[in-house]
Amino acid sequence: MARVGQVALVVVLVLLADLVDSVVLAPLNFPGSPPNVVVLVVAALALVFGPIGGAFTGFFAGLAVDVLPPADHLVGRYALVLCLVGYVVGLLHEEARDSVLLALISVAVAAGIATVLYGVLGGVLGDDRVGANALLTSLPYSIVYDVLLAPFVVPWVMSLARRLQPQVVHK
Amino acid sequence: MRDSRRTRLILALLLLTAFTLITLDYRAHGGGVFGSIRRTASSLFGPVERAAADVVRPVRHAVEAVGSIGSNHKKLQDAQKTISQLQQKLRGQPFDQHRVDELNKLLRVSSVGQYKLVPAQVIGVGAGNGFEWTATIDAGSMDGLKPNMTVLDGDGLVGRTTIVGKSTSTVLLAIDPEFHVGVRLADGQTGVVTGRQKADMSLELIDPAARVKPGDGLVTQGSADQQPFVWGVPVGSVVTASSPLAGQVQTGTLKPFVNFSALDLVGVVVQPPRTDPRQALLQSPVPTVTVTATVTATPTSVSSGTPSGNALGPTRSTSPSRSSKPSSKPTSTPQVTPPPPAAPAGSP
(Lines give C-alpha, C1' and ligand atoms only; values in the text may rest on other atoms or scores of the structure.)
Protein backbone atom coordinates (compact mmCIF):
# COMPACT_ATOMS: atom_id res chain seq x y z
CA MET A 1 0.00 0.00 0.00
CA ALA A 2 1.03 3.52 -0.61
CA ARG A 3 -0.45 4.44 2.75
CA VAL A 4 2.87 4.65 4.57
CA GLY A 5 4.23 6.98 1.97
CA GLN A 6 1.15 9.17 2.21
CA VAL A 7 1.34 9.38 5.98
CA ALA A 8 5.03 10.25 5.82
CA LEU A 9 4.29 12.92 3.23
CA VAL A 10 1.55 14.43 5.40
CA VAL A 11 3.80 14.48 8.47
CA VAL A 12 6.73 16.08 6.68
CA LEU A 13 4.66 18.66 4.84
CA VAL A 14 2.63 19.68 7.89
CA LEU A 15 5.72 20.11 10.09
CA LEU A 16 7.39 22.08 7.34
CA ALA A 17 4.35 24.27 6.87
CA ASP A 18 4.07 24.93 10.59
CA LEU A 19 7.75 25.86 10.68
CA VAL A 20 7.32 28.26 7.79
CA ASP A 21 4.27 29.78 9.50
CA SER A 22 5.83 30.40 12.88
CA VAL A 23 9.46 31.07 11.96
CA VAL A 24 9.30 32.75 8.57
CA LEU A 25 5.90 34.32 7.94
CA ALA A 26 4.48 35.33 11.33
CA PRO A 27 7.57 37.27 12.44
CA LEU A 28 7.37 39.37 9.28
CA ASN A 29 4.32 41.05 10.70
CA PHE A 30 2.08 41.28 7.69
CA PRO A 31 -0.74 43.79 7.99
CA GLY A 32 -3.87 42.03 9.20
CA SER A 33 -3.44 38.40 10.07
CA PRO A 34 -0.45 36.30 9.05
CA PRO A 35 -0.77 33.84 6.15
CA ASN A 36 -1.46 30.24 7.06
CA VAL A 37 0.54 27.74 5.05
CA VAL A 38 -0.78 24.76 7.00
CA VAL A 39 -4.26 25.47 5.63
CA LEU A 40 -2.80 25.56 2.13
CA VAL A 41 -1.09 22.22 2.58
CA VAL A 42 -4.23 20.61 3.99
CA ALA A 43 -6.29 21.98 1.11
CA ALA A 44 -3.81 20.76 -1.48
CA LEU A 45 -3.62 17.29 0.05
CA ALA A 46 -7.40 17.10 0.32
CA LEU A 47 -7.70 17.92 -3.37
CA VAL A 48 -5.73 14.75 -4.05
CA PHE A 49 -6.90 12.47 -1.25
CA GLY A 50 -10.62 13.24 -1.37
CA PRO A 51 -13.00 13.88 1.53
CA ILE A 52 -11.97 11.03 3.85
CA GLY A 53 -8.24 11.48 3.34
CA GLY A 54 -8.73 15.21 3.55
CA ALA A 55 -10.57 14.98 6.85
CA PHE A 56 -7.90 12.73 8.36
CA THR A 57 -5.09 14.91 7.04
CA GLY A 58 -6.77 18.02 8.39
CA PHE A 59 -7.40 16.44 11.76
CA PHE A 60 -3.80 15.44 12.35
CA ALA A 61 -2.37 18.60 10.83
CA GLY A 62 -4.58 20.59 13.17
CA LEU A 63 -3.50 18.51 16.13
CA ALA A 64 0.12 19.29 15.27
CA VAL A 65 -0.59 23.01 15.09
CA ASP A 66 -2.44 22.81 18.41
CA VAL A 67 0.48 21.21 20.19
CA LEU A 68 3.63 22.62 18.58
CA PRO A 69 5.10 25.80 20.04
CA PRO A 70 4.25 28.62 20.26
CA ALA A 71 0.60 27.54 20.25
CA ASP A 72 -1.43 28.75 23.20
CA HIS A 73 -4.96 27.54 22.71
CA LEU A 74 -7.01 24.46 23.59
CA VAL A 75 -5.79 21.24 22.01
CA GLY A 76 -8.26 20.10 19.37
CA ARG A 77 -9.32 23.53 18.18
CA TYR A 78 -7.36 23.58 14.96
CA ALA A 79 -7.85 19.82 14.63
CA LEU A 80 -11.60 20.39 14.42
CA VAL A 81 -11.26 23.35 12.07
CA LEU A 82 -8.80 21.76 9.66
CA CYS A 83 -10.66 18.45 9.71
CA LEU A 84 -13.71 20.23 8.32
CA VAL A 85 -11.56 22.18 5.88
CA GLY A 86 -10.01 18.96 4.59
CA TYR A 87 -13.40 17.36 4.21
CA VAL A 88 -15.03 20.26 2.38
CA VAL A 89 -12.09 20.76 0.02
CA GLY A 90 -11.92 16.99 -0.47
CA LEU A 91 -15.48 17.04 -1.79
CA LEU A 92 -14.19 19.12 -4.71
CA HIS A 93 -11.33 16.85 -5.57
CA GLU A 94 -12.80 15.30 -8.69
CA GLU A 95 -13.80 18.61 -10.21
CA ALA A 96 -10.56 20.32 -9.23
CA ARG A 97 -8.36 17.70 -10.81
CA ASP A 98 -7.74 19.64 -13.99
CA SER A 99 -8.98 23.10 -13.13
CA VAL A 100 -6.52 25.60 -11.77
CA LEU A 101 -9.30 28.07 -11.11
CA LEU A 102 -11.25 25.61 -9.02
CA ALA A 103 -8.15 24.73 -7.06
CA LEU A 104 -7.61 28.40 -6.28
CA ILE A 105 -11.25 28.83 -5.30
CA SER A 106 -11.03 25.87 -3.00
CA VAL A 107 -7.95 27.36 -1.36
CA ALA A 108 -9.83 30.60 -0.78
CA VAL A 109 -12.75 28.64 0.65
CA ALA A 110 -10.36 26.71 2.89
CA ALA A 111 -8.74 29.89 4.22
CA GLY A 112 -12.14 31.46 4.80
CA ILE A 113 -13.55 28.44 6.61
CA ALA A 114 -10.41 28.10 8.72
CA THR A 115 -10.48 31.69 9.92
CA VAL A 116 -14.20 31.91 10.55
CA LEU A 117 -14.47 28.54 12.24
CA TYR A 118 -11.40 29.09 14.37
CA GLY A 119 -12.78 32.44 15.43
CA VAL A 120 -16.31 31.23 16.10
CA LEU A 121 -14.99 28.28 18.04
CA GLY A 122 -12.94 30.72 20.11
CA GLY A 123 -16.08 32.70 20.81
CA VAL A 124 -17.91 29.57 21.93
CA LEU A 125 -15.02 28.54 24.16
CA GLY A 126 -14.76 31.95 25.79
CA ASP A 127 -11.49 33.04 24.21
CA ASP A 128 -11.10 36.77 24.91
CA ARG A 129 -8.92 37.20 21.88
CA VAL A 130 -11.64 36.67 19.31
CA GLY A 131 -14.33 39.27 18.75
CA ALA A 132 -16.56 39.80 15.74
CA ASN A 133 -14.40 42.79 14.88
CA ALA A 134 -11.10 40.94 14.99
CA LEU A 135 -12.66 38.17 12.96
CA LEU A 136 -13.96 40.45 10.22
CA THR A 137 -10.66 42.30 9.89
CA SER A 138 -8.62 39.13 9.71
CA LEU A 139 -10.91 37.28 7.29
CA PRO A 140 -10.12 39.14 4.04
CA TYR A 141 -6.39 39.19 4.82
CA SER A 142 -6.17 35.48 5.46
CA ILE A 143 -8.05 34.69 2.25
CA VAL A 144 -5.97 37.07 0.12
CA TYR A 145 -2.65 35.95 1.57
CA ASP A 146 -3.45 32.28 1.15
CA VAL A 147 -4.67 32.71 -2.42
CA LEU A 148 -1.50 34.65 -3.21
CA LEU A 149 0.67 31.98 -1.69
CA ALA A 150 -1.29 29.12 -3.23
CA PRO A 151 0.52 29.04 -6.62
CA PHE A 152 3.81 28.54 -4.76
CA VAL A 153 2.54 25.76 -2.52
CA VAL A 154 -0.45 23.90 -3.91
CA PRO A 155 0.90 22.56 -7.25
CA TRP A 156 4.01 21.12 -5.61
CA VAL A 157 2.14 19.50 -2.79
CA MET A 158 -0.46 18.08 -5.18
CA SER A 159 2.09 16.60 -7.55
CA LEU A 160 4.01 15.07 -4.64
CA ALA A 161 0.83 13.56 -3.25
CA ARG A 162 -0.29 12.26 -6.67
CA ARG A 163 3.01 10.52 -7.19
CA LEU A 164 2.40 8.53 -4.05
CA GLN A 165 -1.03 7.19 -5.00
CA PRO A 166 -1.04 6.20 -8.66
CA GLN A 167 -3.54 3.33 -8.35
CA VAL A 168 -6.36 5.25 -6.67
CA VAL A 169 -6.71 7.75 -9.48
CA HIS A 170 -9.15 5.77 -11.66
CA LYS A 171 -12.09 5.51 -9.37
CA MET B 1 -18.60 8.95 -5.23
CA ARG B 2 -18.84 12.43 -3.80
CA ASP B 3 -20.23 11.93 -0.40
CA SER B 4 -21.52 8.81 1.26
CA ARG B 5 -22.78 7.67 4.63
CA ARG B 6 -19.42 6.18 5.43
CA THR B 7 -17.61 9.42 4.64
CA ARG B 8 -19.95 11.38 6.82
CA LEU B 9 -19.63 8.90 9.64
CA ILE B 10 -15.86 9.20 9.57
CA LEU B 11 -16.09 12.98 9.51
CA ALA B 12 -18.48 12.96 12.45
CA LEU B 13 -16.16 10.68 14.42
CA LEU B 14 -13.16 12.91 13.76
CA LEU B 15 -15.07 16.03 14.75
CA LEU B 16 -16.29 14.31 17.89
CA THR B 17 -12.72 13.39 18.77
CA ALA B 18 -11.63 16.98 18.31
CA PHE B 19 -14.48 18.17 20.53
CA THR B 20 -13.53 15.65 23.17
CA LEU B 21 -9.92 16.84 23.11
CA ILE B 22 -11.02 20.44 23.46
CA THR B 23 -13.24 19.55 26.40
CA LEU B 24 -10.54 17.54 28.14
CA ASP B 25 -7.95 20.26 27.67
CA TYR B 26 -10.42 22.89 28.86
CA ARG B 27 -11.02 20.96 32.05
CA ALA B 28 -7.32 20.33 32.62
CA HIS B 29 -6.60 24.09 32.39
CA GLY B 30 -3.48 23.53 30.34
CA GLY B 31 -2.09 21.03 32.86
CA GLY B 32 -2.33 17.26 33.03
CA VAL B 33 -1.61 15.11 30.03
CA PHE B 34 -1.94 17.99 27.60
CA GLY B 35 0.57 20.04 29.55
CA SER B 36 3.17 17.32 29.29
CA ILE B 37 2.35 16.76 25.62
CA ARG B 38 2.93 20.45 24.99
CA ARG B 39 6.17 20.44 26.93
CA THR B 40 7.39 17.42 25.01
CA ALA B 41 6.38 19.01 21.72
CA SER B 42 8.21 22.16 22.75
CA SER B 43 11.34 20.21 23.63
CA LEU B 44 11.28 18.27 20.37
CA PHE B 45 10.18 20.96 17.97
CA GLY B 46 11.93 23.90 19.66
CA PRO B 47 15.44 23.03 18.46
CA VAL B 48 14.11 22.62 14.92
CA GLU B 49 12.44 26.00 15.13
CA ARG B 50 15.62 27.53 16.45
CA ALA B 51 17.75 26.09 13.67
CA ALA B 52 15.26 27.38 11.11
CA ALA B 53 15.21 30.80 12.76
CA ASP B 54 19.00 31.02 12.61
CA VAL B 55 18.86 30.40 8.88
CA VAL B 56 16.00 32.78 8.26
CA ARG B 57 16.98 35.65 10.56
CA PRO B 58 19.32 37.62 8.22
CA VAL B 59 16.71 37.46 5.46
CA ARG B 60 13.99 38.45 7.90
CA HIS B 61 15.92 41.48 9.11
CA ALA B 62 16.41 42.64 5.56
CA VAL B 63 12.77 42.14 4.63
CA GLU B 64 11.62 43.80 7.84
CA ALA B 65 13.52 46.94 6.99
CA VAL B 66 11.51 47.14 3.78
CA GLY B 67 8.28 45.57 4.99
CA SER B 68 7.71 47.98 7.86
CA ILE B 69 7.26 50.86 5.48
CA GLY B 70 3.58 50.75 6.28
CA SER B 71 0.82 52.60 4.57
CA ASN B 72 1.14 56.24 5.44
CA HIS B 73 3.43 58.69 3.80
CA LYS B 74 5.34 60.06 6.73
CA LYS B 75 6.38 56.57 7.69
CA LEU B 76 7.57 56.00 4.16
CA GLN B 77 10.01 58.90 4.27
CA ASP B 78 11.33 57.83 7.65
CA ALA B 79 11.72 54.33 6.39
CA GLN B 80 13.60 55.45 3.31
CA LYS B 81 16.00 57.30 5.53
CA THR B 82 16.32 54.25 7.71
CA ILE B 83 16.88 52.02 4.72
CA SER B 84 19.74 54.13 3.40
CA GLN B 85 21.28 54.16 6.84
CA LEU B 86 20.76 50.45 7.11
CA GLN B 87 22.36 49.85 3.75
CA GLN B 88 25.43 51.71 4.88
CA LYS B 89 25.50 49.71 8.04
CA LEU B 90 25.04 46.49 6.13
CA ARG B 91 28.37 46.91 4.44
CA GLY B 92 30.15 47.29 7.72
CA GLN B 93 29.28 45.34 10.80
CA PRO B 94 25.60 44.67 10.30
CA PHE B 95 23.72 42.71 12.88
CA ASP B 96 26.39 42.34 15.51
CA GLN B 97 26.15 46.00 16.42
CA HIS B 98 22.39 45.72 16.74
CA ARG B 99 22.83 42.78 19.03
CA VAL B 100 25.37 44.59 21.15
CA ASP B 101 22.97 47.51 21.50
CA GLU B 102 20.15 45.20 22.52
CA LEU B 103 22.40 43.44 25.00
CA ASN B 104 23.56 46.76 26.42
CA LYS B 105 19.99 47.84 26.93
CA LEU B 106 19.25 44.57 28.72
CA LEU B 107 22.32 45.10 30.89
CA ARG B 108 21.07 48.51 31.84
CA VAL B 109 17.70 47.11 32.81
CA SER B 110 19.37 44.40 34.80
CA SER B 111 21.68 46.80 36.62
CA VAL B 112 19.17 49.51 37.40
CA GLY B 113 16.40 47.11 38.32
CA GLN B 114 18.67 44.55 39.99
CA TYR B 115 17.02 41.72 38.04
CA LYS B 116 18.86 38.54 37.32
CA LEU B 117 18.19 37.79 33.66
CA VAL B 118 18.69 34.96 31.25
CA PRO B 119 19.03 36.44 27.75
CA ALA B 120 17.11 34.73 24.96
CA GLN B 121 16.45 35.19 21.29
CA VAL B 122 12.93 35.30 19.84
CA ILE B 123 12.88 32.53 17.24
CA GLY B 124 9.21 32.21 16.32
CA VAL B 125 5.97 34.10 16.59
CA GLY B 126 2.55 32.51 17.13
CA ALA B 127 0.42 32.29 14.03
CA GLY B 128 -3.06 31.61 15.46
CA ASN B 129 -4.72 33.37 12.54
CA GLY B 130 -3.69 36.71 13.99
CA PHE B 131 -5.66 36.23 17.19
CA GLU B 132 -2.94 34.78 19.33
CA TRP B 133 0.11 36.79 20.35
CA THR B 134 2.78 34.40 21.47
CA ALA B 135 6.46 33.89 20.71
CA THR B 136 9.01 31.13 21.03
CA ILE B 137 12.33 31.97 22.66
CA ASP B 138 15.49 29.88 22.62
CA ALA B 139 15.88 29.38 26.36
CA GLY B 140 14.18 26.68 28.41
CA SER B 141 14.30 24.65 31.58
CA MET B 142 17.97 23.88 30.99
CA ASP B 143 18.68 27.60 31.36
CA GLY B 144 16.70 27.82 34.58
CA LEU B 145 13.40 28.98 33.13
CA LYS B 146 10.05 28.06 34.64
CA PRO B 147 6.48 28.83 33.60
CA ASN B 148 5.17 32.22 34.73
CA MET B 149 8.37 34.20 34.68
CA THR B 150 8.54 37.82 33.59
CA VAL B 151 10.00 38.42 30.13
CA LEU B 152 11.37 41.86 29.29
CA ASP B 153 13.67 43.57 26.85
CA GLY B 154 15.68 46.77 26.97
CA ASP B 155 12.52 48.85 26.61
CA GLY B 156 10.17 47.17 29.05
CA LEU B 157 7.72 44.36 29.64
CA VAL B 158 7.44 41.79 26.85
CA GLY B 159 5.27 39.12 28.48
CA ARG B 160 5.45 36.05 30.62
CA THR B 161 6.53 32.48 29.99
CA THR B 162 3.78 29.87 29.66
CA ILE B 163 5.06 26.53 28.36
CA VAL B 164 8.71 25.79 29.10
CA GLY B 165 10.46 23.09 27.10
CA LYS B 166 14.02 21.87 27.53
CA SER B 167 15.72 24.50 25.42
CA THR B 168 12.85 26.63 24.16
CA SER B 169 9.81 28.25 25.76
CA THR B 170 6.60 29.95 24.77
CA VAL B 171 6.01 33.54 25.82
CA LEU B 172 2.54 35.06 26.08
CA LEU B 173 3.11 38.59 24.79
CA ALA B 174 1.78 41.57 26.69
CA ILE B 175 -0.40 42.61 23.73
CA ASP B 176 -2.38 39.36 23.81
CA PRO B 177 -5.97 40.01 24.95
CA GLU B 178 -5.62 37.24 27.52
CA PHE B 179 -2.70 39.07 29.09
CA HIS B 180 -3.41 41.10 32.22
CA VAL B 181 -0.85 42.76 34.43
CA GLY B 182 -1.05 44.94 37.54
CA VAL B 183 0.67 48.30 37.14
CA ARG B 184 1.63 51.13 39.44
CA LEU B 185 1.79 54.85 38.86
CA ALA B 186 4.40 57.19 40.25
CA ASP B 187 2.18 58.06 43.23
CA GLY B 188 1.69 54.43 44.23
CA GLN B 189 -1.81 54.05 42.80
CA THR B 190 -2.49 50.80 41.00
CA GLY B 191 -4.30 49.64 37.88
CA VAL B 192 -4.74 46.73 35.54
CA VAL B 193 -3.44 46.71 31.97
CA THR B 194 -4.82 44.36 29.32
CA GLY B 195 -3.39 43.68 25.87
CA ARG B 196 -5.44 44.66 22.83
CA GLN B 197 -3.41 43.18 19.97
CA LYS B 198 -2.11 45.87 17.65
CA ALA B 199 -4.14 48.62 19.31
CA ASP B 200 -2.91 50.46 22.39
CA MET B 201 -3.28 48.50 25.63
CA SER B 202 -6.23 49.26 27.85
CA LEU B 203 -5.77 50.57 31.37
CA GLU B 204 -8.20 50.48 34.26
CA LEU B 205 -7.37 52.03 37.60
CA ILE B 206 -8.45 50.38 40.84
CA ASP B 207 -9.06 53.28 43.19
CA PRO B 208 -11.83 55.69 42.11
CA ALA B 209 -9.73 58.54 43.49
CA ALA B 210 -6.68 57.72 41.41
CA ARG B 211 -5.98 59.77 38.29
CA VAL B 212 -3.54 59.48 35.42
CA LYS B 213 -2.74 61.92 32.65
CA PRO B 214 -1.34 61.29 29.16
CA GLY B 215 2.41 60.85 29.22
CA ASP B 216 2.56 59.12 32.59
CA GLY B 217 4.79 56.08 32.58
CA LEU B 218 3.62 52.91 34.31
CA VAL B 219 5.64 50.05 35.78
CA THR B 220 4.58 46.59 36.89
CA GLN B 221 3.24 46.39 40.38
CA GLY B 222 4.71 42.97 41.08
CA SER B 223 2.64 39.88 41.77
CA ALA B 224 2.51 37.98 45.04
CA ASP B 225 5.86 36.13 45.39
CA GLN B 226 6.99 38.01 42.27
CA GLN B 227 5.26 35.49 40.02
CA PRO B 228 4.38 35.84 37.23
CA PHE B 229 5.43 39.49 37.39
CA VAL B 230 8.40 41.03 39.18
CA TRP B 231 8.06 44.62 40.24
CA GLY B 232 9.34 47.74 38.55
CA VAL B 233 9.34 46.69 34.89
CA PRO B 234 8.25 49.58 32.61
CA VAL B 235 5.04 48.71 30.77
CA GLY B 236 4.05 51.75 28.74
CA SER B 237 3.03 55.38 28.78
CA VAL B 238 -0.52 56.64 29.04
CA VAL B 239 -1.93 57.89 25.73
CA THR B 240 -5.48 58.76 26.60
CA ALA B 241 -7.28 58.94 29.92
CA SER B 242 -11.01 59.18 30.49
CA SER B 243 -12.49 61.89 32.65
CA PRO B 244 -14.81 59.96 34.94
CA LEU B 245 -17.45 61.37 37.26
CA ALA B 246 -16.70 61.43 40.96
CA GLY B 247 -16.72 57.93 42.38
CA GLN B 248 -16.09 56.29 39.04
CA VAL B 249 -12.91 54.48 38.10
CA GLN B 250 -10.73 56.10 35.48
CA THR B 251 -9.82 54.14 32.35
CA GLY B 252 -7.44 54.86 29.53
CA THR B 253 -5.13 53.50 26.90
CA LEU B 254 -1.47 52.75 27.15
CA LYS B 255 1.22 52.65 24.49
CA PRO B 256 3.66 49.84 25.31
CA PHE B 257 7.34 50.77 25.50
CA VAL B 258 8.26 47.57 23.70
CA ASN B 259 8.04 47.42 19.91
CA PHE B 260 6.22 44.13 19.50
CA SER B 261 6.59 44.00 15.74
CA ALA B 262 10.38 43.82 16.03
CA LEU B 263 11.05 41.58 19.00
CA ASP B 264 14.61 40.34 18.96
CA LEU B 265 16.63 39.86 22.12
CA VAL B 266 14.71 39.47 25.36
CA GLY B 267 15.57 38.67 28.95
CA VAL B 268 13.76 36.33 31.29
CA VAL B 269 13.83 37.33 34.95
CA VAL B 270 15.00 34.24 36.79
CA GLN B 271 15.48 36.05 40.07
CA PRO B 272 13.57 39.13 41.17
CA PRO B 273 15.28 42.05 42.93
CA ARG B 274 15.20 41.99 46.72
CA THR B 275 13.94 45.54 46.90
CA ASP B 276 11.40 47.21 44.70
CA PRO B 277 13.14 49.27 41.99
CA ARG B 278 10.01 51.47 41.92
CA GLN B 279 10.19 53.97 39.05
CA ALA B 280 13.97 53.71 38.62
CA LEU B 281 13.77 52.24 35.14
CA LEU B 282 11.40 54.94 33.95
CA GLN B 283 13.55 57.81 35.12
CA SER B 284 17.10 56.82 34.28
CA PRO B 285 18.40 58.22 31.01
CA VAL B 286 18.66 55.81 28.15
CA PRO B 287 21.87 54.63 26.56
CA THR B 288 24.32 57.47 27.17
CA VAL B 289 25.15 56.20 30.65
CA THR B 290 27.90 53.66 30.40
CA VAL B 291 26.79 50.75 32.47
CA THR B 292 29.44 49.37 34.76
CA ALA B 293 27.73 46.04 34.98
CA THR B 294 29.73 42.91 34.38
CA VAL B 295 28.45 39.94 32.48
CA THR B 296 29.47 36.87 34.35
CA ALA B 297 29.09 33.39 33.05
CA THR B 298 27.58 31.23 35.74
CA PRO B 299 27.73 27.66 34.56
CA THR B 300 26.58 26.42 37.95
CA SER B 301 22.96 27.16 37.26
CA VAL B 302 22.96 25.05 34.12
CA SER B 303 22.66 21.33 34.23
CA SER B 304 25.21 19.80 31.91
CA GLY B 305 23.10 18.93 28.86
CA THR B 306 24.22 18.80 25.26
CA PRO B 307 26.41 21.60 23.96
CA SER B 308 23.94 22.56 21.30
CA GLY B 309 20.94 22.17 23.57
CA ASN B 310 21.18 25.40 25.48
CA ALA B 311 23.19 27.48 23.10
CA LEU B 312 21.81 30.94 22.66
CA GLY B 313 22.80 31.06 19.03
CA PRO B 314 24.31 34.25 17.72
CA THR B 315 23.42 36.00 20.95
CA ARG B 316 26.25 34.37 22.75
CA SER B 317 28.96 35.32 20.36
CA THR B 318 28.54 38.96 21.24
CA SER B 319 28.58 38.57 25.00
CA PRO B 320 31.73 40.06 26.49
CA SER B 321 32.55 37.03 28.58
CA ARG B 322 32.90 34.95 25.48
CA SER B 323 35.07 37.22 23.41
CA SER B 324 38.10 36.77 25.61
CA LYS B 325 38.00 33.01 25.59
CA PRO B 326 36.79 31.90 22.17
CA SER B 327 35.26 28.49 22.51
CA SER B 328 36.42 27.18 25.81
CA LYS B 329 33.04 26.97 27.51
CA PRO B 330 30.42 25.94 25.00
CA THR B 331 27.86 24.88 27.60
CA SER B 332 27.81 27.92 29.85
CA THR B 333 24.83 30.21 29.68
CA PRO B 334 25.73 33.82 30.28
CA GLN B 335 23.48 35.16 32.96
CA VAL B 336 23.21 38.87 33.16
CA THR B 337 23.76 39.59 36.80
CA PRO B 338 23.33 42.96 38.39
CA PRO B 339 26.47 44.75 39.54
CA PRO B 340 27.09 45.57 43.21
CA PRO B 341 24.71 48.19 44.55
CA ALA B 342 27.39 50.87 44.14
CA ALA B 343 26.48 51.19 40.44
CA PRO B 344 25.94 54.86 39.60
CA ALA B 345 22.58 54.49 37.91
CA GLY B 346 21.06 52.40 40.66
CA SER B 347 21.54 54.79 43.54
CA PRO B 348 18.42 56.72 44.54
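In what follows, chains carry the letters A, B, and so on, assigned in the order in which the sequence lines appear, proteins first and then strands, with residues in each chain numbered from 1.
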J.: To the nearest 0.5 angstrom, please state how far the CD1 atom of I52(A) sits from the CZ atom of R8(B).
T.: 12.0 Å
J.: Is it the backbone or the side chain of A135(B) that comes under 4.5 Å from a heavy atom of chain A, or both, or neither?
T.: backbone
J.: Which distance, rounded to the nearest 0.5 Å, do you find between the CD of E49(B) and the CG of D18(A)?
T.: 7.0 Å
J.: Using non-hydrogen atoms and a 4.5 Å limit, figure out which bit of Y141(A) sits close to chain B: side chain, backbone, both or neither.
T.: neither
J.: Measuring only between side-chain heavy atoms, which start at C-beta, is T17(B) closer than 4.5 Å to L80(A)?
T.: no
J.: Looking only at heavy atoms, what is the nearest atom pair of A41(B) and L68(A), with distance?
T.: CB-CD2, 4.1 Å
J.: Less than 4.5 Å apart, any side-chain heavy atom of Y87(A) and any of L14(B)?
T.: no
J.: Could you grab the distance from atom CZ of F59(A) to atom CD1 of I10(B), nearest 0.5 Å is fine?
T.: 13.0 Å
J.: Looking only at heavy atoms and a cut-off of under 4.5 Å, which of A79(A), G58(A), P69(A) has the most pairs with chain B?
T.: P69(A)
J.: Is there a side chain to side chain contact (heavy atoms under 4.5 Å, CB included) between L21(B) and L63(A)? Walk through the geometry before answering.
T.: CA-CA 10 Å; L21(B) 287 176; L63(A) 219 51; 3.5 Å; yes
J.: Can you give me the closest heavy-atom contact between V23(A) and A52(B), atom names plus distance?
T.: CG1-C, 3.9 Å
J.: Counting heavy-atom pairs under 4.5 Å to chain B, which of V20(A), L135(A), L25(A) comes out on top?
T.: L135(A)
J.: Any side-chain heavy atom of L84(A) within less than 4.5 Å of one from L15(B)?
T.: yes
J.: May I ask you to test the F45(B)-V67(A) pair for a side-chain heavy-atom distance under 4.5 Å?
T.: no
J.: Going through the checks in order, is the side chain to side chain contact (heavy atoms under 4.5 Å, CB included) test met by S22(A) and T136(B)?
T.: CA-CA 9 Å; S22(A) 62; T136(B) 317; 5.8 Å; no
J.: Would you check if V75(A) and I22(B) make a side-chain contact, meaning some heavy-atom pair closer than 4.5 Å?
T.: no
J.: Measure distances from F19(B) to the heavy atoms of chain A and classify the residue's part below 4.5 Å as side chain, backbone, both or neither.
T.: both
J.: Pick one of side chain, backbone, both or neither for L16(B), based on which atoms fall under 4.5 Å of a heavy atom in chain A.
T.: neither
J.: Of all the heavy-atom pairs spanning G76(A) and A18(B), show the shortest one and how long it is.
T.: O-CB, 3.7 Å
J.: State, yes or no, whether a side-chain contact exists between E132(B) and Y118(A) at a heavy-atom distance under 4.5 Å.
T.: yes
